[in-house]
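The structure under discussion appears below in the form of C-alpha coordinates.
All values below were derived from every heavy atom in this structure, side-chain atoms included, with hydrogens, water molecules and symmetry-related copies excluded.
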Amino acid sequence: MVRPEAEVQFGAGLRMFLAPRHRGGMVRVACDGVSSLGHVVESLGVPLTEVGGLAVNDAPVTPGYRLAGGDSAVARAVDRPQPLPTARFILDVHLGTLARRLRLVGVDTAYANDLDDDVLIERANAERRVLLTQDRGLLRRHRLWLGAYVRGARPDDQLRDVLGRFSPPLAPWTRCTACNGLLAPTRKADVEALLPPGTRRTYQAFTRCTACGKVYWRGAHSGRLEDIVASAVRAAVGPRS
(Lines give C-alpha, C1' and ligand atoms only; values in the text may rest on other atoms or scores of the structure.)
Protein backbone atom coordinates (compact mmCIF):
# COMPACT_ATOMS: atom_id res chain seq x y z
CA MET A 1 0.00 0.00 0.00
CA VAL A 2 1.33 3.42 -0.95
CA ARG A 3 1.48 5.82 1.97
CA PRO A 4 0.14 9.35 1.58
CA GLU A 5 2.79 12.03 1.24
CA ALA A 6 3.36 15.54 2.53
CA GLU A 7 5.95 18.12 1.55
CA VAL A 8 8.32 20.03 3.79
CA GLN A 9 9.95 23.24 2.56
CA PHE A 10 13.13 24.27 4.40
CA GLY A 11 14.31 27.86 4.58
CA ALA A 12 17.65 28.75 3.03
CA GLY A 13 19.37 28.94 6.41
CA LEU A 14 18.54 25.29 7.14
CA ARG A 15 19.45 23.64 3.85
CA MET A 16 23.10 23.09 4.80
CA PHE A 17 21.88 20.38 7.19
CA LEU A 18 20.03 18.44 4.50
CA ALA A 19 21.41 15.61 2.39
CA PRO A 20 22.80 16.89 -0.94
CA ARG A 21 19.81 15.54 -2.88
CA HIS A 22 17.46 17.65 -0.75
CA ARG A 23 19.33 20.96 -0.74
CA GLY A 24 16.87 22.53 -3.11
CA GLY A 25 14.79 22.90 0.03
CA MET A 26 11.66 20.91 -0.86
CA VAL A 27 11.42 17.37 0.51
CA ARG A 28 8.56 14.94 0.04
CA VAL A 29 7.98 12.61 2.99
CA ALA A 30 5.72 9.64 3.58
CA CYS A 31 3.11 10.07 6.33
CA ASP A 32 2.88 7.18 8.79
CA GLY A 33 0.30 8.81 11.06
CA VAL A 34 2.66 8.50 14.04
CA SER A 35 5.78 10.60 13.47
CA SER A 36 5.63 14.24 14.53
CA LEU A 37 6.74 17.07 12.26
CA GLY A 38 9.62 17.71 14.67
CA HIS A 39 10.77 14.10 14.29
CA VAL A 40 10.54 14.35 10.50
CA VAL A 41 12.60 17.56 10.46
CA GLU A 42 15.30 16.06 12.66
CA SER A 43 15.34 12.78 10.71
CA LEU A 44 16.23 14.86 7.64
CA GLY A 45 19.26 16.24 9.49
CA VAL A 46 18.00 19.57 10.83
CA PRO A 47 18.26 20.05 14.62
CA LEU A 48 15.17 21.70 16.08
CA THR A 49 17.49 24.16 17.86
CA GLU A 50 18.05 25.72 14.42
CA VAL A 51 14.36 25.99 13.54
CA GLY A 52 12.71 29.31 14.31
CA GLY A 53 9.18 28.32 13.37
CA LEU A 54 7.03 25.64 11.75
CA ALA A 55 3.86 26.04 9.73
CA VAL A 56 1.53 23.64 7.94
CA ASN A 57 -0.83 24.84 5.24
CA ASP A 58 0.06 28.44 6.21
CA ALA A 59 -0.89 27.98 9.88
CA PRO A 60 1.71 27.93 12.70
CA VAL A 61 2.13 24.52 14.37
CA THR A 62 4.25 22.99 17.13
CA PRO A 63 6.87 20.29 16.54
CA GLY A 64 4.36 17.75 17.84
CA TYR A 65 2.04 18.19 14.84
CA ARG A 66 1.47 14.96 12.86
CA LEU A 67 1.66 15.36 9.11
CA ALA A 68 -1.21 14.11 6.97
CA GLY A 69 -1.28 13.36 3.26
CA GLY A 70 -1.33 16.52 1.16
CA ASP A 71 0.05 18.75 3.93
CA SER A 72 2.50 21.46 2.96
CA ALA A 73 4.88 22.27 5.79
CA VAL A 74 7.46 25.03 6.11
CA ALA A 75 10.46 25.11 8.46
CA ARG A 76 12.20 28.47 8.80
CA ALA A 77 15.55 29.21 10.43
CA VAL A 78 15.87 31.02 13.74
CA ASP A 79 15.84 34.79 13.53
CA ARG A 80 19.09 36.65 14.08
CA PRO A 81 19.81 38.02 16.56
CA GLN A 82 18.14 35.30 18.59
CA PRO A 83 16.89 36.60 21.96
CA LEU A 84 18.28 34.83 25.02
CA PRO A 85 17.18 34.93 28.66
CA THR A 86 20.86 35.24 29.55
CA ALA A 87 23.96 35.39 27.34
CA ARG A 88 25.88 32.55 28.98
CA PHE A 89 27.38 29.65 27.05
CA ILE A 90 29.01 26.27 27.46
CA LEU A 91 31.04 24.74 24.62
CA ASP A 92 31.78 21.12 23.78
CA VAL A 93 35.31 19.70 23.83
CA HIS A 94 35.98 20.44 20.14
CA LEU A 95 35.53 24.22 20.41
CA GLY A 96 38.38 25.22 22.72
CA THR A 97 39.73 28.00 20.51
CA LEU A 98 36.27 29.50 20.15
CA ALA A 99 35.85 29.36 23.94
CA ARG A 100 39.04 31.35 24.45
CA ARG A 101 37.96 33.96 21.91
CA LEU A 102 34.54 34.38 23.46
CA ARG A 103 36.22 34.91 26.84
CA LEU A 104 38.64 37.38 25.25
CA VAL A 105 35.69 39.60 24.28
CA GLY A 106 34.09 39.22 27.72
CA VAL A 107 31.39 36.63 27.05
CA ASP A 108 30.63 34.28 29.96
CA THR A 109 31.86 30.98 28.50
CA ALA A 110 32.24 27.66 30.31
CA TYR A 111 34.59 25.10 28.74
CA ALA A 112 36.67 22.11 29.73
CA ASN A 113 38.32 19.62 27.41
CA ASP A 114 37.29 16.56 29.43
CA LEU A 115 33.49 16.93 29.72
CA ASP A 116 31.37 14.16 28.21
CA ASP A 117 28.00 14.80 26.60
CA ASP A 118 25.90 13.99 29.68
CA VAL A 119 27.91 16.38 31.87
CA LEU A 120 27.70 19.12 29.23
CA ILE A 121 23.92 18.84 29.19
CA GLU A 122 23.69 18.73 32.99
CA ARG A 123 25.80 21.89 33.31
CA ALA A 124 23.96 23.67 30.51
CA ASN A 125 20.63 22.95 32.20
CA ALA A 126 21.74 23.67 35.76
CA GLU A 127 23.57 26.91 34.91
CA ARG A 128 21.15 28.01 32.18
CA ARG A 129 23.91 28.16 29.57
CA VAL A 130 23.38 27.74 25.84
CA LEU A 131 25.26 24.66 24.64
CA LEU A 132 27.32 25.45 21.54
CA THR A 133 28.43 22.50 19.45
CA GLN A 134 28.89 21.12 15.94
CA ASP A 135 27.50 17.76 17.04
CA ARG A 136 23.95 17.54 15.68
CA GLY A 137 23.29 14.39 17.69
CA LEU A 138 24.01 16.30 20.89
CA LEU A 139 21.52 19.02 19.91
CA ARG A 140 18.85 16.36 19.43
CA ARG A 141 19.04 15.26 23.06
CA HIS A 142 15.62 16.11 24.47
CA ARG A 143 16.94 16.82 27.97
CA LEU A 144 18.87 19.84 26.68
CA TRP A 145 17.11 23.10 27.53
CA LEU A 146 18.78 25.22 24.80
CA GLY A 147 21.56 24.68 22.29
CA ALA A 148 22.90 25.99 19.00
CA TYR A 149 24.89 24.67 16.10
CA VAL A 150 28.13 26.57 15.45
CA ARG A 151 28.77 27.22 11.79
CA GLY A 152 32.23 27.44 10.29
CA ALA A 153 35.44 25.43 10.32
CA ARG A 154 37.78 28.27 11.33
CA PRO A 155 37.65 29.91 14.78
CA ASP A 156 37.28 33.36 13.19
CA ASP A 157 34.19 32.19 11.30
CA GLN A 158 32.79 30.41 14.36
CA LEU A 159 33.16 33.55 16.47
CA ARG A 160 31.37 35.67 13.87
CA ASP A 161 28.59 33.10 13.68
CA VAL A 162 27.97 33.00 17.45
CA LEU A 163 28.12 36.77 17.85
CA GLY A 164 25.95 37.32 14.80
CA ARG A 165 23.35 34.86 16.01
CA PHE A 166 23.08 35.97 19.64
CA SER A 167 24.57 39.48 19.70
CA PRO A 168 25.67 39.16 23.35
CA PRO A 169 26.96 42.21 25.22
CA LEU A 170 30.74 42.41 24.93
CA ALA A 171 33.30 43.48 27.50
CA PRO A 172 36.73 42.86 25.94
CA TRP A 173 39.75 42.16 28.16
CA THR A 174 37.64 41.47 31.27
CA ARG A 175 37.73 37.64 31.44
CA CYS A 176 40.47 35.08 31.85
CA THR A 177 40.87 33.15 28.62
CA ALA A 178 42.12 30.15 30.61
CA CYS A 179 39.30 29.74 33.15
CA ASN A 180 36.57 32.36 32.43
CA GLY A 181 37.20 34.18 35.72
CA LEU A 182 36.95 37.96 35.91
CA LEU A 183 40.10 40.07 35.57
CA ALA A 184 41.04 42.89 37.92
CA PRO A 185 43.89 45.44 37.77
CA THR A 186 46.85 44.53 39.93
CA ARG A 187 50.01 46.32 41.03
CA LYS A 188 53.19 45.28 39.32
CA ALA A 189 54.80 44.78 42.72
CA ASP A 190 52.20 42.16 43.60
CA VAL A 191 52.91 39.99 40.56
CA GLU A 192 56.53 40.81 39.79
CA ALA A 193 57.78 37.47 41.03
CA LEU A 194 55.54 35.72 38.48
CA LEU A 195 56.79 37.68 35.46
CA PRO A 196 59.49 36.72 32.94
CA PRO A 197 62.55 39.02 33.17
CA GLY A 198 61.83 40.75 29.87
CA THR A 199 58.26 41.47 30.90
CA ARG A 200 59.37 42.93 34.24
CA ARG A 201 61.64 45.36 32.42
CA THR A 202 59.23 46.35 29.66
CA TYR A 203 55.63 46.47 30.95
CA GLN A 204 53.97 48.36 33.76
CA ALA A 205 50.23 47.64 33.51
CA PHE A 206 48.85 44.24 34.54
CA THR A 207 45.58 42.49 35.31
CA ARG A 208 45.10 39.24 37.20
CA CYS A 209 42.39 36.61 37.18
CA THR A 210 40.41 36.70 40.41
CA ALA A 211 39.73 32.96 40.08
CA CYS A 212 42.94 31.24 38.97
CA GLY A 213 45.52 33.99 39.52
CA LYS A 214 46.84 34.10 35.94
CA VAL A 215 48.54 37.42 35.12
CA TYR A 216 47.89 39.34 31.89
CA TRP A 217 49.61 42.22 30.12
CA ARG A 218 49.53 43.75 26.64
CA GLY A 219 52.56 42.04 25.14
CA ALA A 220 53.88 41.49 21.64
CA HIS A 221 50.89 39.29 20.82
CA SER A 222 48.36 42.01 21.65
CA GLY A 223 48.08 43.28 18.06
CA ARG A 224 46.56 40.01 16.86
CA LEU A 225 44.24 39.90 19.87
CA GLU A 226 43.13 43.48 19.26
CA ASP A 227 42.25 42.51 15.68
CA ILE A 228 40.10 39.64 17.00
CA VAL A 229 38.36 41.98 19.43
CA ALA A 230 37.71 44.62 16.75
CA SER A 231 36.25 41.99 14.42
CA ALA A 232 34.09 40.63 17.23
CA VAL A 233 32.68 44.06 18.05
CA ARG A 234 31.71 44.54 14.39
CA ALA A 235 30.06 41.11 14.27
CA ALA A 236 28.06 41.74 17.45
CA VAL A 237 26.98 45.26 16.53
CA GLY A 238 25.91 44.31 13.00
CA PRO A 239 22.81 42.27 14.00
CA ARG A 240 21.65 44.98 16.43
CA SER A 241 21.80 47.51 13.61
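Comment: Asp190 does not engage Arg208 in a salt bridge, judged by the lack of any side-chain N to carboxylate O separation of less than 4.0 angstrom. Classification of Glu50 and Arg136 as a salt-bridged pair fails, no side-chain N sitting under 4.0 Å from a carboxylate O. The pair Arg160-Asp157 meets the salt-bridge criterion, with a side-chain N (NZ, NE, NH1 or NH2) lying under 4.0 Å from an Asp/Glu carboxylate O. The pair Asp135-Arg141 fails the salt-bridge criterion, with no side-chain N (NZ, NE, NH1 or NH2) lying under 4.0 Å from an Asp/Glu carboxylate O. Checked for salt-bridge contact, Arg66 and Asp32 miss the test: no charged N lies under 4.0 Å from a carboxylate O.
Not a single donor-acceptor pair under 3.5 Å links the side chain of Arg88 to the backbone N or O of Arg129. The main-chain N or O of Leu195 is found under 3.5 Å from a side-chain atom of Arg200 such that the two form a donor-acceptor pair. Listed for the Thr210 side chain is a donor-acceptor partner under 3.5 Å among the backbone atoms of Leu182. Asn57 places no side-chain N or O within donor-acceptor distance of the main-chain N or O of Asp71, the cut-off being under 3.5 Å. When atom types are taken as modelled, the side chain of Arg175 and the backbone of Asn180 share a donor-acceptor pair closer than 3.5 angstrom. Distance alone, capped at 3.5 Å, is enough to place a donor-acceptor pair between the Asn125 side chain and the Arg143 backbone. In terms of modelled atom types and a separation under 3.5 Å, the side chain of Gln9 and the main chain of Val74 share no donor-acceptor contact. A donor-acceptor pair under 3.5 Å is absent between the side-chain atoms of Arg101 and the main chain of Leu159, judged by distance alone.
Cation-pi contact between Arg218 and Trp173: present, with separation from the ring centre below 6.0 Å and deviation from the ring axis of at most 45°.
At least one side-chain heavy atom of Leu225 sits under 4.5 Å from a side-chain heavy atom of Leu104. Residues Leu102 and Leu91 have side chains in contact (heavy-atom distance under 4.5 Å, counting atoms from C-beta outward). Using a 4.5 Å heavy-atom threshold, the side chains of Thr199 and Thr202 count as separate.
No more than 12 heavy-atom neighbours from other residues, nucleotides or ligands sit within 6.0 angstrom of CG on Asp58. Heavy atoms of other residues, nucleotides or ligands lying less than 6.0 angstrom from CZ of Arg21 number 12 at most.
Between Trp217 and Tyr203, the angle of the ring planes lies from 30° to 60°, which puts this pair in the tilted group.
Screening residues 66-117 for ring pair (Phe, Tyr, Trp, His ring centres under 6.0 Å) gives Phe89-Phe166 as the qualifying pairs, with residues at least two apart or on separate chains.
Every residue two or more places apart in sequence or in another chain that forms a salt bridge (Lys or Arg N to Asp or Glu O under 4.0 Å) with Arg28 is listed here: Glu5, Glu7.
Shortest non-hydrogen contact noted between Phe206 and Lys188 is CE1-CG, 3.6 Å.
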